[in-house]
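Only this structure's heavy atoms are used, side chains among them; waters, hydrogens and symmetry mates stay out.
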Amino acid sequence: MSYTLRPYQQQAVDATLAHFRRLREPAVIVLPTGAGKSLVIAELAKIAKGRVLVLTHVKELVEQNSEKFRSYGYTPGIYSAGLSQKNKDAKVIFGSIQSVARASADFFRDFSLLIIDECHRVSFEDDTQYAQVINRLVEADKNLCILGLTATPYRLDSGWIYRYNHRGYLRSEENTFFKRCLYELNIRFMIDNGYLTPPVQIDAPVASYDFSSLQLKKGERYQIADIEKILKNQKRITPVIIKNIVELSESRKGVIIFTSSIRHAEEILEYLPRGDSAIVIGDTPSDERDSIIDRFKRKEIKFLVNVSVLTTGFDAPHVDVIAILRPTESVGLYQQIVGRGLRLSPGKEDCLILDYTGVAHDIYRPEIGERKPSEDSVPVEVPCPMCDHKNEFWGIEDSDGELVEHFGRKCKGAIVDPRTLEITPCGFRYRFKNCESCGSENDIAAKSCNQCSSVLVDNDTKLKEAMGLKDAHVLRPDTMTFEKKVDENNRERLEVRYYDLDAQYLSEIFYLNTESEAKSFYYNFTRMHNRLPERRLDIRNVDEAIAQSRKFRLPLFIVARKQKHFWKIREKVF
């Protein structure tokens, strides 16, 4: 049997070939769940000139990828203890990392291409199995090509898994193992073009668990003990939720229920129809799990409850209901869960996404890299005034969808030298803090100056120090006003006042009667307060400043010092 690749699959293959003809840097292809990564793998393995090793972390994916290659009419080699096969000599070998890491030295000879499926799970620290395997492969062939495939190229603990993508986006300034993303496709494209089943999202159809008390810092995962405590206190909601799932699934073919604790999964099973439901957890014996999943795929059971088992390496196209009863830490994990129900299947028109957590993600949006700064924040597109790269940041839009303010710090664009292919970050800063020693611009979270290495005092420290001084006044402004006034010489001037909730205020005066004064206003006020710093505001007089007052953002705190008979503003914290 032969396959004709979909246009995007062929584009991914072509991009891979073009890259490795010029460079040997490890690279990534990003395709959504259900996009047919196994077909891309099979095509690359088929046309590769040397030997190919395809690695993944679960036997289900080893089997799935090898079967797709077999369907081309080729005989794959399999090296996986879980599948009871250890073939060393085939041109193309599909293996589990656990088994390959223990292989003898003669296994690693002659491979020209290493493909890592679900590569977002990979850690390349020196003591990991993947690092050990890669080192042994590179020792045998220093020109080894390394390609990763994933639907979610973002790790909670370390961020984006690659540096630079084919659209000119600099994802990470860290020295990541994968250097470039060669091809990337989003879920919306797949759905709009009929490659995936449309999802129908229903948030809290009858009731939902309240997980709002869960606090999550960047890079962390929810703790099972914390989730268990919440679920125990809200135990009465579970039967209502399960009843709702069963009712909404009456005319559906396959239902997967995601939860994050074994106790909760067992409780859920009690309320599901007996004989038509099963549970799969990490500790379920391999043979028993295979049997349950096989029965589910044959539609002998309708409801399948799982605990962090079926997010990857699971393919049951008939699934048309996904019920989420666990909080998800990231958009990536949420997309993986929803993706279990988006594969095409005969007679399947859509997939119900039932979310009972109250903390749903937007499946069409990727990770932006930072957590939402406010409830009304939405992903917005912000062009860079230096390199024209279109950044995606959190921002605020008005009722007409116009961008009012964004929270981006630095342009994520980069320029690639066409001769050397060297990547140079754009470096334009939307928000920054100046070094008091040399005046250089630095990231607002930087601890030391990027130019002179002087220590940069953070805002929290500045506030604490100011609060401890008798001649300092710290104001938390609630409103900001602009007013035209004149001095004793009848010269126009602008007074900006910052009021707190108790109607106390601090003010500052600006003259804008000459070109020099207008420039001073720009550097001392406009540049810091501009809600959209990429759009330069050239304000030449007091009237223009007042007319554009809505374009200025309010500081979080203002620090003033006593100067004779009045308070002089010395520091603003945004």
Side-chain angles (χ1 to χ4, degrees), residues 380 382-386 388 393 395-411 428-436 439-442 444 473-501 503-574:
V380 296
V382 180
C384 173
M386 185 178 293
D388 292 327
F393 296 136
I396 296 173
E397 296 178 339
D398 62 19
S399 57
D400 296 323
E402 288 293 318
L403 181 62
V404 174
E405 183 177 359
H406 69 78
F407 304 98
R409 296 181 181 180
K410 188 177 180 181
C411 176
F428 175 80
R429 296 188 187 277
Y430 295 89
R431 311 288 185 203
F432 55 86
K433 61 182 176 183
N434 290 111
C435 173
E436 295 179 1
S440 299
E441 294 181 0
N442 291 271
I444 59 177
H473 177 36
V474 178
L475 183 94
R476 184 168 189 172
D478 178 66
T479 56
M480 178 171 60
T481 64
F482 293 71
E483 188 176 352
K484 180 196 288 188
K485 293 191 175 182
V486 293
D487 64 11
E488 62 274 12
N489 297 316
N490 207 35
R491 294 177 68 222
E492 283 188 358
R493 64 185 189 181
L494 174 69
E495 181 178 358
V496 181
R497 284 192 180 187
Y498 307 92
Y499 290 89
D500 67 10
L501 291 172
Q504 294 188 63
Y505 72 88
L506 292 169
S507 64
E508 54 188 343
I509 301 295
F510 299 98
Y511 288 91
L512 291 97
N513 300 305
T514 66
E515 184 177 345
S516 176
E517 289 172 346
K519 284 183 179 180
S520 178
F521 179 70
Y522 172 78
Y523 284 105
N524 291 312
F525 186 87
T526 303
R527 191 173 57 154
M528 292 183 293
H529 287 265
N530 191 353
R531 285 183 156 193
L532 302 173
E534 69 280 4
R535 302 179 189 176
R536 182 177 175 118
L537 297 176
D538 289 316
I539 294 173
R540 293 161 294 180
N541 55 57
V542 174
D543 290 330
E544 288 183 0
I546 294 173
Q548 302 197 62
S549 60
R550 291 180 178 273
K551 296 180 180 180
F552 297 120
R553 59 179 180 153
L554 188 68
L556 295 174
F557 293 95
I558 295 174
V559 178
R561 301 292 292 273
K562 194 75 171 180
Q563 194 170 81
K564 293 185 179 180
H565 304 298
F566 67 94
W567 293 101
K568 182 175 179 58
I569 293 176
R570 304 295 292 270
E571 195 82 45
K572 297 174 188 176
V573 176
F574 289 90

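The closest side-chain heavy-atom distance from Asp478 to Asp500 is not below 4.5 Å. Between Ser516 and Tyr511 there is no side-chain heavy-atom pair separated by less than 4.5 Å. Residues Glu492 and Lys484 have side chains in contact (heavy-atom distance under 4.5 Å, counting atoms from C-beta outward). At a threshold of 4.5 Å between non-hydrogen side-chain atoms, the residues Arg550 and Phe482 do not count as touching. Val496 has its side chain out of reach of Phe552: every pair of non-hydrogen atoms, C-beta onward, lies at least 4.5 Å apart.
Judged by a 6.0 Å distance limit and a 45° cone about the ring axis, Arg431 is not positioned over the six-membered ring of Phe574.
The two residues Asn434 and Glu441 have their closest heavy-atom pair at ND2-CG, 3.9 Å. Here the closest non-hydrogen pair linking Pro477 and Phe557 is CD-CA, 4.1 Å. Closest of all the heavy-atom pairs between Arg535 and Asn530 is O-ND2, 3.0 Å.
The side-chain contact (heavy atoms from CB on, under 4.5 Å) with Pro555 is formed by just one residue from the set His529, Arg476, Met528; it is His529.
To the nearest 0.5 Å, the span separating OH on Tyr505 from OG1 on Thr481 amounts to 9.5 Å. Between the NZ atom of Lys519 and the OG1 atom of Thr526 there is a distance of 14.0 Å, given to the nearest 0.5 Å.
Annotation: Arg493, atom CZ; neighbour count of heavy atoms from other residues, nucleotides and ligands within 6.0 Å is above 12.
Taking the six-membered ring where the residue is Trp, Phe393 and His406 present parallel rings, their angle staying beneath 30° rather than reaching 60°.
Legend: residues meeting side chain to side chain contact (heavy atoms under 4.5 Å, CB included) with Thr479, ordered by chain and number and at least two apart, are Tyr499.
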